[in-house]
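Below are the structure tokens for one structure; questions will follow.
By convention in this document, chain letters (A, B, ...) are assigned in the order of the sequence lines, proteins followed by strands, and residues within each chain are numbered from 1.
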2 protein chains.
Amino acid sequence: MTNAAQTYHHGDLRTALLEAATKRVAEFGIDSLSLRKLAEDAGVSRTAPYHHFKDKSALLSAIAAKGFSQWHTTAKRIFDQHDVAPQLRFRQFIHEYIGYAADNPQMYELMFGRTIWHDNGATQGLKEVAYPCFQFQVDMTKYWQQTGLLPAGQDALRMAQVTWGTLHGIARLLIDGIYADRSHIDEMCDCAADLFMQVSKN
Amino acid sequence: MTNAAQTYHHGDLRTALLEAATKRVAEFGIDSLSLRKLAEDAGVSRTAPYHHFKDKSALLSAIAAKGFSQWHTTAKRIFDQHDVAPQLRFRQFIHEYIGYAADNPQMYELMFGRTIWHDNGATQGLKEVAYPCFQFQVDMTKYWQQTGLLPAGQDALRMAQVTWGTLHGIARLLIDGIYADRSHIDEMCDCAADLFMQVSKN
DNA sequence: GTTTTATCTTGACAGTGTCAACATTGCATT
DNA sequence: AATGCAATGTTGACACTGTCAAGATAAAAC
């Protein structure tokens, strides 16, 4: 695992930085990430990272990109279970989404927070991974509308924005600890699912 | 407005800082706020602000507190229009909520972002203003359930978390510019309203 | 009038991201 | 194999940042 050491060239600094940074972010949060510390931990000088990432934002973008492709895979896995009834898959997707956010709060914050998106700061590489991920959300919504799970009268994009917005909002409220706490995750998910699927429980 | 100047004591540094900071945040964002610059602009030394705010986070909390009481007033104003039909008020509330977020993105980000809430960093003063604001959301939800606008079978708190989550999520997607843009705000709001009120448009 | 308290000051420290200039290495081409 | 260029890594420096400690000044309290 640790080769590095006395050679002038590190060998694979880029991935080493990326992995260390990912770990650090996951554990201690975005704000705790310091390029200088990261370089030191990798046994390399302060400015070495700049030969692999344009700036700190670019490194964060790269981390987020990994998160997106990872989540995209998970989402597809759930959605592609054609043997499971759509209602169940829908419900399962909601639980998985919120679960992912709750289990990887720092990564979620990075992926969907303003840090990397504001001021058009997103890397081209990040966009190429993230946008298909967004598009997938729309595609799923369309499918759910076709199967009658969601109201078909609404525009699919609009509908996707609202459904995803709901999941996103719940995730953020949870992560930021604003007024939802982890002990009621499942109930919240089911409540959202019921609302979407227009299942009145009374 | 600008007295300040050559007196050793500023006179009302606290409010001066608070106002300047609020303006700066609204215009250039949270990250652009520097205590040092702020002090300089107020014609005072770097560390003077520390006699009025424990640290930077406390100043941000104070700004956010202002935002909360302001929003709380707006929310109550809309909700208390008893001559307007509940459906209309509900719809109006959604539009106002998203509108407020879209018009004051930086303030919204500050109020509902992780910056001041993570690590239990919120000031007591902030909590005292923010929590009633959250509670109001629950109260409104209860009312909407009673009037049959929202499903009554669900737990009110859970329901409030989901409905607010939706608004919060849409707001964040808009603000962070993730995949919703300002030109479709109204349509998104109506889509959400329809979904909540279980009005199938087809 | 003296003492206490609130407020403001300078000095200092430990950080940060990032640029410029220079050093070393590996790869490709002659 | 020798040479030259591009990739990669290094030190030095700059301009910032938040925040603490110790001392100065003014206002308020006694």
Side-chain angles (χ1 to χ4, degrees), chain A residues 2-21 24-25 28-64 110 113-116 118-123 125, chain B residues 2-21 24-25 28-64 110 113-116 118-119 121-123:
Chain A
T2 62
N3 60 342
Q6 51 262 35
T7 56
Y8 190 89
H9 279 49
H10 179 285
D12 200 1
L13 185 56
R14 196 195 140 89
T15 49
L17 288 172
L18 201 50
E19 279 181 18
R24 170 137 204 112
V25 164
F28 303 105
I30 302 169
D31 295 333
S32 84
L33 194 81
S34 148
L35 283 188
R36 292 174 100 111
K37 265 191 208 131
L38 207 63
E40 195 178 13
D41 288 356
V44 98
S45 84
R46 302 146 263 158
T47 57
Y50 286 87
H51 291 273
H52 301 277
F53 301 96
K54 184 181 154 284
D55 52 19
K56 190 178 184 179
S57 178
L59 172 58
L60 290 173
S61 284
I63 300 173
L110 179 60
R114 78 175 142 66
T115 313
I116 51 176
H118 72 167
D119 301 334
N120 264 357
T123 309
Chain B
T2 63
N3 61 342
Q6 51 262 35
T7 58
Y8 191 88
H9 280 49
H10 180 284
D12 199 1
L13 184 56
R14 197 194 140 88
T15 48
L17 288 172
L18 201 50
E19 280 180 19
R24 170 139 204 112
V25 165
F28 303 105
I30 302 169
D31 295 334
S32 84
L33 194 80
S34 149
L35 283 188
R36 291 174 102 109
K37 265 191 207 131
L38 207 61
E40 196 178 12
D41 288 357
V44 101
S45 85
R46 300 146 264 160
T47 57
Y50 285 87
H51 292 271
H52 301 276
F53 301 96
K54 185 181 154 281
D55 53 19
K56 189 178 184 178
S57 178
L59 172 58
L60 290 174
S61 284
I63 299 173
L110 179 60
R114 76 173 145 63
T115 314
I116 51 177
H118 73 167
D119 301 334
T123 308

Check: Considering residues at least two apart in sequence or located in another chain, which fulfil the side chain to side chain donor-acceptor pair (under 3.5 Å) criterion with A:D12?
Finding: A:T15
Side-chain donor-acceptor pairs of residues 44-54 of chain B under 3.5 Å, sequence neighbours excluded:
none

Next item on the list: Would you please name every residue forming a salt bridge (charged side-chain N to carboxylate O under 4.0 Å, His left out) with A:D31, sequence neighbours left out?
Entry: B:R114
Notebook entry, point to check: So how far is it from B:I30 CD1 to B:I116 CD1, rounded to the nearest 0.5 Å?
Noted result: 8.0 Å
Checklist line | Protein-nucleotide distance (A:E40, atom CD; D:dT10, atom C1'), rounded to Å | finding: 15 Å
Note to self: List the residues meeting side chain to side chain donor-acceptor pair (under 3.5 Å) with B:S34, not counting sequence neighbours, and say none if there are none.
What the structure shows: none
Item checked: Rounded distance in Å - NE2 (B:H51) to C1' (D:dA22) -> 11 Å
Next item on the list: Calculate the interatomic distance between B:H52 atom NE2 and C:dC8 atom C1'; express it in whole Å.
Entry: 8 Å
Next item on the list: Go along nucleotides 14-19 of chain D 5' to 3' and tag each nucleotide: B for a protein heavy atom under 4.0 Å from its base, S when only backbone or sugar atoms are that close, - otherwise.
Entry: ---BBB
Notebook entry, point to check: In Å and rounded to the nearest 0.5 Å, what is the CG to CZ distance from B:L17 to B:R24?
Noted result: 13.5 Å
Next item on the list: Can you tell me the distance, in whole Å, between the CZ atom of A:F53 and the C1' atom of C:dT18?
Entry: 16 Å
